[in-house]
Amino acid sequence: MPPRKHHPFLLLLLTLYQLPAQDFVVERNIAVPMRDGVALATDLYFPAANGVRKPGTLPVILERTPYDKSRVNGELYASRGYVYVVQDTRVRYSSEGRWAFLTGDDEDGHDAPAWIVKQPWSNGLIGTIGTSYGGGTQHALALGNAPGLAALIPVDAVSNAGSFGIRNSGAFELRFFNWIFTIGAPRGSRASRDPATRAALAEMAKNTRQYLDQFPIRKGVTPLKFAPEYEDWLIEAITHSDNDAYWKQPDFGVADQAAQYKDVPVLVVGGWYDSWARSTTTTYEALSKAKKSPVKLIMGPWIHGRQTAHAHGQVEFGETAAFQADWRLRWYDRWLKKEANGAEKDPAVRIFVMGGGTGTRNAEGKLVHGGQWRGEREWPLARARATPYYLHAGGTLSTTAPAPTGGATSYDFDPRLPVPTIGGSISSGDGILLQGARDQKCGTHVWNCRDELPLSARRDVLVFQTAPLAEDMEVTGPIDVKLWVASSAADTDFTTKLIDVYPPTEACPEDSISTSPTAFSAAAVATRSKRRSCWRPASPTNSPCGCTRRRTCSRKATVSALTCRRATTRALTSIPTQANRWANTAACRRPSTACSMNRRGHLILLFLSSPADRDQAPASSSARLTSASRWISPRRMRVSISATKPPNRSGTVTTKNDSVAKPVASALE
């Protein structure tokens, strides 16, 4: 008898029968009504057995995202016994309405949970999830007093936008220019639903660098005009240079509105290499003081949204630096399922102190910097010591105050040839910015570099350097930088970088690897006093970083200069006779264990004329608002930095409140 032929259809049935049954099911594009009648598209992921939805009521995890709800990992949480609800925010992707960056998300963030708690599958307990913009929607939801809210995990979240989120000391982060041009308008906007318009916006996104060279934009002259909500918001964000009422809306801020924030358990998560690191720690400080429910803080050595990775930029921090994909479940299980897993007993603050590695390169060519997790009781650290470092002639930096007569140094800055930003605490800079710890050297990998020289070789970069470290040092906490400067431009911004420099080794013959994310941008306020010819100090820009410093392994803070621009309300055309003073704050961490380097490491502070990058922010003299539609054209400027403020105040770099700048053995008792 000839062999029996298998029917293809029967084989297909056999294959399907052998597939494991899904432990979740999905209902897509449920139209959830808001108070104004606008419907927001929502997907529901349910736990299932053999492909059939499980009965009964369950806790809910809610995500409100502008990044397309169909791309989320809802099955992970549904398979663990949660109903995962993910919603496109207003007029993003499948939702209706009109878009404005987070504006109105407190109301939508109230109405969506109000709908959830009424559903037959909900047990009335809601946890929230989301990163970046999605973290901001969580804060807005808590500020909107959402019903059923029981736990939050905002990660790298938009918050405190007028102080150090979207504006920093008045400086506008050009990451949001990049976001509008490459993500906001071209992907998921109402305008992009039309094929022809979508093609025009996609072409605009491809040419973002060229549009950035022409920044600031004017209304109606770029393809962004086809997405008017996005064009209007970008111009609005550039116009509001101060932390005014616009930035203090419930959707944008936490620190100023902590009293209105719903009193529920919050796990605040951020990264030292995220541009919102300072915003994250500030949010924690405000909530931990104002609320009775547990509020926890985790800060790792991560770039924006990359908590499951352990190498960032050109540096490897070790596998322990990375979280597993389901790392949030412990928090949800404690507060939504009421499991006694001890999450409330975890340290109030967990920080990753960077450093202590071998200083060699791994198989991928990344510097092995290492680090370790440490639990703390508070932030800032109460036991840390504030230590001033002073700028001296000849480019030195030390704890010794300069003579009263001081001294000065100067540089020329051309806004048309900005200092490139290479690595650091920056986010959403795809195509124009490099994130994470990186060698401070130009090359073809940096789009606006014109050479392959170290940044320190530039004439518009001033370098102040300590002597080689004789003992281990940890720097943990916010950092204030105070300068007394004069400029030939009407308005000038300044960016500083705290750099940890590795000494030369066989693996790294040039001591230029940057492992610290600390960068500070100081925005000079150009409002003149009525009676004096000096400028008033700018409000502090705070950008937290996490770095560790060892006796032989110095750390480099390759932070982003994306926050170095200040739009002012009035032009000044003369050099002030007294210096401008500004303070800028960033939090920095370093490991407490010594690494196996020699003692040639240095703590270096780079002062760069602002902006440190056209990628982020051209100099304010080239993009300065005198009205809603008029800008001052760019021009070369002369800047002087004085060692002393008349009559005898010294320019300093001060580790503030909780910074440790002494040998670890004596400073961390």
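Along the sequence shown, residues are numbered consecutively beginning with 1. Every heavy atom of this structure was used, including side-chain atoms; hydrogens, water molecules and symmetry mates were not.
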Could you give the distance from [atom1] ([X]) to [atom2] ([Y]), rounded to the nearest 0.5 Å?
X	Y	atom1	atom2	answer
Asp251	Ser159	CG	OG	12.5 Å
Leu62	Leu152	CG	CG	9.5 Å
Leu287	Lys262	CG	NZ	14.5 Å

- Message: On the six-membered ring of Tyr82, is Lys337 placed so that its NZ or CZ lies under 6.0 angstrom from the centre and within 45° of the ring axis?
- Response: yes
Donor-acceptor pair, side chain of [X] and main chain of [Y], under 3.5 angstrom:
X	Y	value
Asp23	Ala49	no
Arg92	Gly184	yes
Thr103	Ala100	no
Arg190	Gly97	yes
Arg330	Asn341	yes
Tyr332	Thr128	yes
Asn160	Ser279	yes
Asp88	Lys69	yes
Thr42	Leu40	yes
Gln249	Gly104	no

- Begin with the C-alpha distance, continue with both residues' side-chain angles, and end with the deciding distance and a verdict on salt bridge (Lys or Arg N to Asp or Glu O under 4.0 Å) for Arg80 and Asp326. CA-CA 10 Å; Arg80 304 296 183 90; Asp326 61 355; 3.4 Å; yes
[X] and [Y]: which non-hydrogen atoms are nearest, and at how many Å?
X	Y	value
Leu141	Pro113	CD1-CG, 4.0 Å
Ser192	Ser189	OG-O, 2.7 Å
Pro347	Gly375	CB-CA, 3.9 Å
Ser132	Trp276	OG-CZ3, 3.6 Å

- Given the side-chain rings of Tyr77 and Phe24, with only the six-membered ring counted for Trp, is the space between their centroids under 6.0 Å? no
- Query: Do the two ring centres, one from Trp247 and one from Phe164, sit under 6.0 Å apart?
  - Reply: no
- Task: For ring pair (Phe, Tyr, Trp, His ring centres under 6.0 Å), just list the numbers for His312 and Tyr273, CA-CA rounded to whole Å, side-chain angles, deciding distance to a tenth of an Å, and then say yes or no.
- Result: CA-CA 8 Å; His312 302 282; Tyr273 289 94; 7.0 Å; no
Parallel, tilted or perpendicular: which fits the ring planes of [X] and [Y], with parallel below 30° and perpendicular above 60°?
X	Y	answer
Phe317	Phe352	perpendicular
Trp99	Phe101	perpendicular
Trp331	Trp335	perpendicular

Is any NZ, NE, NH1 or NH2 atom of the basic residue among [X] and [Y] found under 4.0 Å from an Asp or Glu carboxylate oxygen of the other?
X	Y	answer
Lys296	Asp346	no
Glu229	Arg90	no
Arg167	Asp242	no
Lys292	Asp263	no
Glu27	Arg53	yes
Arg334	Glu344	yes

Any side-chain heavy-atom pair of [X] and [Y] under 4.5 Å:
X	Y	answer
Thr283	Tyr261	no
Val266	Tyr284	no
Val86	Thr65	yes
Thr308	Trp302	no
Tyr230	Asp232	no
Thr280	Leu297	yes
Asn123	Leu58	no
Trp115	Ile30	yes

Under a 3.5 Å threshold, yes or no: a donor from one side chain and an acceptor from the other, between [X] and [Y]?
X	Y	answer
Thr208	Thr182	no
His304	Ser275	no
Asp156	Thr131	no
Glu316	His310	yes

- Chi angles and distances behind the ring pair (Phe, Tyr, Trp, His ring centres under 6.0 Å) call for His139, Phe252: CA-CA 8 Å; His139 287 317; Phe252 283 128; over 10 Å; no
- Query: Between Ser427 and Asp274, does a side chain to side chain donor-acceptor pair (under 3.5 Å) hold up when you go through it step by step?
  - Reply: CA-CA 6 Å; Ser427 308; Asp274 178 40; 2.6 Å; yes
- Query: Can you list the steps and then say if Arg383 with Glu376 is a salt bridge (Lys or Arg N to Asp or Glu O under 4.0 Å)?
  - Reply: CA-CA 10 Å; Arg383 72 185 188 281; Glu376 297 288 351; 2.7 Å; yes
- Going through the distances and angles, do Phe46 and Trp121 end up as a ring pair (Phe, Tyr, Trp, His ring centres under 6.0 Å)? CA-CA 9 Å; Phe46 293 99; Trp121 38 260; 5.5 Å; yes
- Message: Applying the salt bridge (charged side-chain N to carboxylate O under 4.0 Å, His left out) criterion to Asp43, which one of Arg71, Arg64, Arg28 satisfies it?
- Response: Arg28
